[in-house]
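Structure, as structure tokens:
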Amino acid sequence: MMGDTMGTFGSSMASLFFFWATFQQIFPDHLKIAIKEFLLSAIQQLSFVQRFSDQIINFFSPYIVISFPEYEDYRFNHAFAAIDTYLGAKATDKAQKLKASQVKESKGLILKRDEAKVRDIYEGVNVWWEIVTSTDGDRTHKLTFHRSGLEIVTGSYIKYIMEEGKSIEAKNKKMKLFTNNPSMNWDTSKKSLWRHIDFEHPSSFQTLAMDPKKKEEVLNDLEAFRNGKEYYKKIGKAWKRGYLLYGPPGTGKSTMIAAMANHLNYSIYDLELTAIQNNSELRKLLTATSSNSIIVIEDIDCSVDLTSKRRKRDSDLSSKEDGEEGKQDQNQSKVTLSGLLNFIDGIWSACGQERIIIFTTNHMEKLDPALIRRGRMDMHIELSYCGFEAFKILAKNYLDLDSHPLFGEIESLLKEAKIAPADVAEKLMAKNHKIDVDGSLKDLVQSLEKRNKYQRGQSDEHKKKFGGKKLGVFGGLF
Ligand SMILES: Nc1ncnc2c1ncn2[C@@H]1O[C@H](COP(=O)(O)OP(=O)(O)OP(=O)(O)O)[C@@H](O)[C@H]1O
Ligand SMILES: [Mg+2]
């Protein structure tokens, strides 16, 4: 009825236009202006009628639509993700068969795929899911259902979807790796402060080559953290834990982070400090992270010049306190030590629980003691050069080997050699997809012998030149 009225009105408008075009030359100017004004007011009335009619239709429509946008206030909407997983997992042909058997059991849930829309039945209420993509690429899940099902949908269906989605995600181990978008793009990208991909890293504690005792310690600490909800509540501390991973390049710091995430089934937020302008941006990023996550700042010593003020203060006693925001270099990132300390202390992450914060560095000595003191970085974990125990794990991973006549020789060579597990792993890797146990081990022995000879020859000269600093890694040399 309303549509017919609109159609008639539209054609009348077209006639009016035609009238105006044909006779505009005949009419004098003042009449032309009058007709123009009349047409404009008619158009305004039409849009008003349209808006009003939309409201009336919405008001009387028996259907309700609820939207779940992918991003809300620059934050990734976890409800969207749960719905996505739920619909993705259930709305397949296979799932339809599965569903048929579930009807008898508990919830009475049936899913049918209707091209772009997915129909779902929950406790007798029909609902339709549709994914809508806007012109600028923003995605939204739209849920449509009859008004009569409002109580069931809002009372239990949405909760059910969230729980199902999350449990499927947990079962599928669908973890995510988030990386912060550069803050200069926040306004233009208008989506999220973080972008993400599925996190699928094969690393585990089992395959991590390090001293078994140290590994055990880390694992126990993680377990205590995971089960520590009540404990943290009791002692009045935010449920978080900080780990500082330090050691030379290629010793497994990043690999250990992946192993931790896999062990705990947590997502990773890889925080690139150099992409942030100041402390308030850091705060924004942190409040946009979710619980059950690991926040990582790799190479903390290189990310931001956090130590410059300390050094400056050491040399210039009149300079200001650490806590003041930097006013020195306008072009430099102004994330300050105090901003970072606030974050670690859990002030800004108080909105979420169960978080782990990890810093990695190759140069522990460069870091400000305030940043890494116990209580902030609760556990300092050294990832060091490859010892014999670590080698045995690599040999098992790469060659499926528990023992070999060359193991004795390798053990004594490793006592002296400063070789990163990454370099040992490279020697043990299959060449052209072929595993050659004897060839790989001989290759490793030769490389270790050369390395040790080189180290012995160079160490005195190096000490003289670099004032006794540790030798670097010889990764590329042998
Ligand atoms: N402890 C280890 N156990 C198992 N594999 C390792 C270990 N250390 C290194 N590797 C292997 O070497 C590669 C590089 O290691 P990784 O990236 O973890 O080193 P890193 O300590 O993070 O180095 P960087 O300081 O340069 O970031 C890994 O992909 C892995 O295959
Ligand atoms: Mg690394």
Side-chain angles (χ1 to χ4, degrees), residues 177-179 199-219 221-222 243-263 268-274 294-304 356-367 372 377 379-402 410-411 414 417-431 433 435 440-441 443-444 447-448 451 469-478:
L177 173 63
F178 293 86
T179 322
F199 175 71
E200 287 160 2
H201 197 293
S203 172
S204 69
F205 272 94
Q206 205 187 345
T207 59
L208 188 67
M210 69 185 285
D211 177 53
K213 263 194 214 153
K214 266 200 221 167
K215 197 195 282 189
E216 187 74 19
E217 250 177 68
V218 177
L219 267 169
D221 199 84
L222 284 176
Y243 296 103
L244 173 73
L245 309 188
Y246 67 98
T251 49
K253 297 178 291 300
S254 304
T255 311
M256 180 182 256
I257 296 171
M260 284 178 166
N262 282 329
H263 182 76
I268 295 181
Y269 286 87
D270 189 5
L271 182 58
E272 180 55 65
L273 280 184
T274 50
I294 301 180
I295 299 167
V296 178
I297 305 179
E298 287 256 37
D299 299 317
I300 182 85
D301 52 300
C302 311
S303 301
V304 170
I356 287 178
I357 301 154
I358 301 181
F359 291 168
T360 73
T361 183
N362 297 139
H363 302 283
M364 171 88 143
E365 71 286 353
K366 282 194 191 169
L367 300 181
I372 55 170
M377 288 293 110
M379 195 176 186
H380 297 181
I381 304 166
E382 183 180 14
L383 279 299
S384 50
Y385 294 117
C386 192
F388 184 60
E389 291 303 322
F391 162 76
K392 283 201 288 190
I393 296 168
L394 290 174
K396 182 78 189 157
N397 293 348
Y398 287 84
L399 306 173
D400 199 18
L401 208 61
D402 291 311
I410 291 172
E411 183 174 8
L414 280 174
K418 282 178 174 145
I419 184 167
D423 296 327
V424 175
E426 204 266 323
K427 295 283 170 209
L428 304 184
M429 279 263 287
K431 312 280 179 305
H433 304 289
I435 294 177
S440 297
L441 292 181
D443 196 14
L444 177 66
S447 163
L448 289 172
R451 192 176 285 257
K469 265 192 191 168
K470 272 187 185 177
L471 280 169
V473 176
F474 298 87
L477 279 175
F478 307 110

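By convention here, the first residue in the shown sequence is residue 1. All values derive from a computational prediction rather than experimental measurement. Each ligand, and each atom within it, is numbered from 1 in the order the structure gives. Heavy atoms only: backbone and side chains are in, while hydrogens, waters and symmetry mates are out.
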Quick one: nearest non-hydrogen protein atom to [atom], plus distance?
atom	result
atom 23 (O) of ligand 1	Gly250 N, 2.9 Å
atom 21 (O) of ligand 1	Lys253 NZ, 2.7 Å
atom 5 (N) of ligand 1	Leu394 CD2, 4.1 Å
atom 31 (O) of ligand 1	Tyr398 OH, 3.8 Å
atom 7 (C) of ligand 1	Pro421 CB, 3.6 Å
atom 12 (O) of ligand 1	Ala422 CB, 3.2 Å
atom 1 (N) of ligand 1	Ala209 O, 2.7 Å

To the nearest 0.5 Å, what is the distance between CD (Glu426) and CG (Leu394)? 12.5 Å
To the nearest 0.5 Å, how far apart are CG in Leu245 and CE in Met379? 10.0 Å
Around atom CD of Glu411, are there more than 12 heavy atoms from other residues, nucleotides or ligands closer than 6.0 Å? yes
Electrostatic pair Asp423:Lys427 at N-O distance under 4.0 angstrom: no
Considering only NZ, NE, NH1 and NH2 on the basic side and carboxylate oxygens on the acidic side, decide whether Lys213 and Glu216 come within less than 4.0 Å. no
Tell me whether Thr360 has at least one N, O or S atom under 2.8 Å from the Mg ion (ligand 2). no
With a 4.0 Å cut-off on heavy atoms, does Thr207 reach ligand 1? yes
Taking all non-hydrogen atoms of both residues into account, name the closest pair between Ser440 and Leu399 and its distance. OG-CD2, 4.3 Å
If you take all heavy atoms of Ile381 and Met210, which pair is closest and at what distance? CG2-CE, 4.5 Å
Of Leu383, Asp211, Thr255, which has the heavy atom at the shortest distance from atom 16 (P) of ligand 1? Thr255
May I ask you to test the Tyr385-Ile419 pair for a side-chain heavy-atom distance under 4.5 Å? no
Just heavy atoms, cut-off under 4.0 Å: does Pro249 contact ligand 1 by side chain, backbone, both, or neither? both
Taking 4.0 Å as the limit for heavy-atom contacts, which would you say applies to Tyr246 with ligand 1: side chain only, backbone only, both, or neither? neither
Under 3.5 Å side-chain donor-acceptor pair for Glu272 and Thr274: yes
Show which atoms of ligand 1 fall inside a sub-4.0 Å distance from at least one heavy-atom site of Asn362. 25 (O)
Counting both backbone and side chain atoms, is some N or O of Ser254 under 3.5 Å from an N or O of ligand 1? yes
